[in-house]
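Comments concern the structure below.
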Amino acid sequence: MMSVEPTILIALNGVEVSVPAATSIASLVQRTLPNARAYAVELNRVVLARRDHGTRLVAAGDHVEIVTLVGGG
Amino acid sequence: MTHLGTSTTAPFLLAPLHIGAFALKSRLVVGTGKYKDYETMQRALEVSGCDAVTVAVRRERLVDAQGRSILDFLDLDRYTILPNTAGCFTAEDAVRVARLGREILDSVDNAGKSWVKLEVLGDKKTLLPDPVGTLEACRELVADGFTVLCYSSDDPIMAVRLRDAGAASVMPAGSPIGSGRGVANPASIALILELLKNPASGGDASYPVIIDAGVGTPSDVTHAMELGADGVLLNTGIAHAQDAVRMAHAMRLALESGYHGLRSGRIGKKLHASASSPWEGRIGEGANHIIAGE
């Protein structure tokens with residue numbers, strides 16, 4: 001019998017997605033946006049410093065925003 | 001308030017524009033939105049001569065239709081990136097976006113990480129600023145260490161309040177964003193300039209006031225500079241021109257024209273004419289004839 005990896009639901013850029021439990025922010029970025037270059041991450045309305053992306057794990061119900069720069073005036 | 005210098009020898013250069021710790025060689029700040037493609041944007045920015053460009057912060061999709069990022073077309077060693085909080089309708093959202101912009105620019109080590117163009121909007125149709133939200137966000141961002149360039153209406157008292165809240169520059173709209181109507185209310189802009197820049201009115205001549213929004217054509221830029229603005233921030237006037245690159249060139253010249261024109265001391269306006277050619281020596285009028293040998 002295959003083991004089923006436990007998953008949790010989070011809101012990523014306003015969309016509810018299912019991710020494996022114990023996913024780090026760095027892993028989430030890598031998994032969803034492998035070409036990300038210049039970006040910032042906000043976790044539950046607070047900017048998460050880049051140095052914490054590898055260690056901070058998402059929890060069920062978290063609101064994650066990954067943003068970048070676009071053209072603007 | 002006098003802008004008259006004593007320099008009378010070309011080349012006439014623009015003094016750097018100081019905003020907080022930033023010193024800009026160009027007094028034109030140009031936006032990066034709404035160009036038909038990134039290549040056009042890149043050329044327009046180059047031709048404009050600007051060294052600060054505005055960008056927006058948005059949810060990551062990473063790429064344009066061809067799979068490219070705007071960052072591939074901005075030389076981060078050349079341009080100081082000025083992130084905006086465009087599209088925010090609350091102080092809280094504007095503060096969040098400003099902090100995200102700082103985090104992004106920190107990751108690419110651009111000097112723009114310490115400043116922000118603050119916009120808190122009050123209405124989607126006019127994109128006019130919400131003065132209460134703008135003031136609230138300005139205070140919070142200044143306390144957080146940001147150099148805040150504050151988009152505002154052309155209300156002189158609001159401009160004073162924002163300066164007093166710590167804004168490094170107040171940037172009144174000439175007219176609504178993208179409207180192309182130029183400086184619609186020059187008397188209000190003149191009052192803002194008096195209150196913020198004239199020491200006799202409690203101002204400081206070195207305090208930077210930038211006209212932000214509404215520019216449609218080069219004469220609008222010249223007008224703003226002739227009124228005494230320290231610089232002009234624009235986007236749509238270049239990006240949506242039929243020839244955006246040539247318009248960027250024109251905007252650059254217009255800014256320099258207004259800058260030097262103001263400092264040259266224009267003539268007064270008169271009701272009647274004042275001939276440029278001398279009355280004396282005209283032919284056909286006996287009284288003016290000079291008789292040889294007389």
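Quick note on labels: first sequence line is chain A, next is B, and so on, each numbered from 1.
Identified under the side-chain hydrogen bond (donor to acceptor under 3.5 Å, both in side chains) test for residues 104-113 of chain B, with sequence neighbours left out: A:R50-B:S107, B:D106-B:K113.
Rounding to the nearest 0.5 Å gives a distance of 10.5 Å between CG of A:L48 and CG of B:L100. Here CD of A:E42 is found 9.5 Å from CZ of B:R59. Values are rounded to the nearest 0.5 Å. Within the model, atoms CD of B:E60 and CG of A:L33 stand 5.0 Å from one another, a figure rounded to the nearest 0.5 Å.
When heavy atoms are compared at a cutoff of 4.5 Å, B:L74 does not approach chain A at all. Of the two parts of B:K34, neither the backbone nor the side chain holds a non-hydrogen atom closer than 4.5 Å to a non-hydrogen atom of chain A. Contact of A:V41 with chain B is made through the backbone alone, with heavy-atom distances under 4.5 Å. With a threshold of 4.5 angstrom between heavy atoms, B:V55 approaches chain A through its backbone and through its side chain. Residue contact with chain A, scored on non-hydrogen atoms closer than 4.5 Å, is absent for B:I238. Looking at A:E65, the atoms closer than 4.5 Å to chain B (heavy atoms on both sides) all sit in the side chain, from C-beta outward.
For a heavy-atom cut-off of 4.5 Å, chain B lies close to A:N13, A:G14 in residues 12-26 of chain A.
Heavy-atom minimum distance, A:V70 versus B:I70: C-CD1, 3.9 Å. Considering every non-hydrogen atom in both B:I104 and A:V67, the closest pair reads CD1-O, 3.7 Å. Nearest heavy atoms, A:A40 versus B:E103: CB-CG, 3.5 Å. Taking every heavy atom of both residues into account, A:G73 and B:N84 meet most closely at O-ND2, 2.5 Å.
Heavy-atom contacts from other residues, nucleotides or ligands closer than 6.0 Å to CZ of B:R58 number more than 12. Within a 6.0 Å radius of CZ in B:R78, other residues, nucleotides and ligands contribute more than 12 heavy atoms. Around atom NE2 of A:H53, more than 12 heavy atoms belonging to other residues, nucleotides or ligands sit under 6.0 Å away.
Residue with the most contacts toward chain A among B:L82, B:N235, B:T236, B:L105: B:N235 (heavy-atom pairs, distance under 4.5 Å). Among B:E119, B:E92, B:M41, the residue making the largest number of heavy-atom pairs under 4.5 Å with chain A is B:E92. Between chain A and the options B:A56, B:G31, B:G33, heavy-atom pairs under 4.5 Å are most frequent for B:A56.
Under a 3.5 Å cut-off, the side chain of B:T32 and the backbone N or O of A:G72 do form a donor-acceptor pair.
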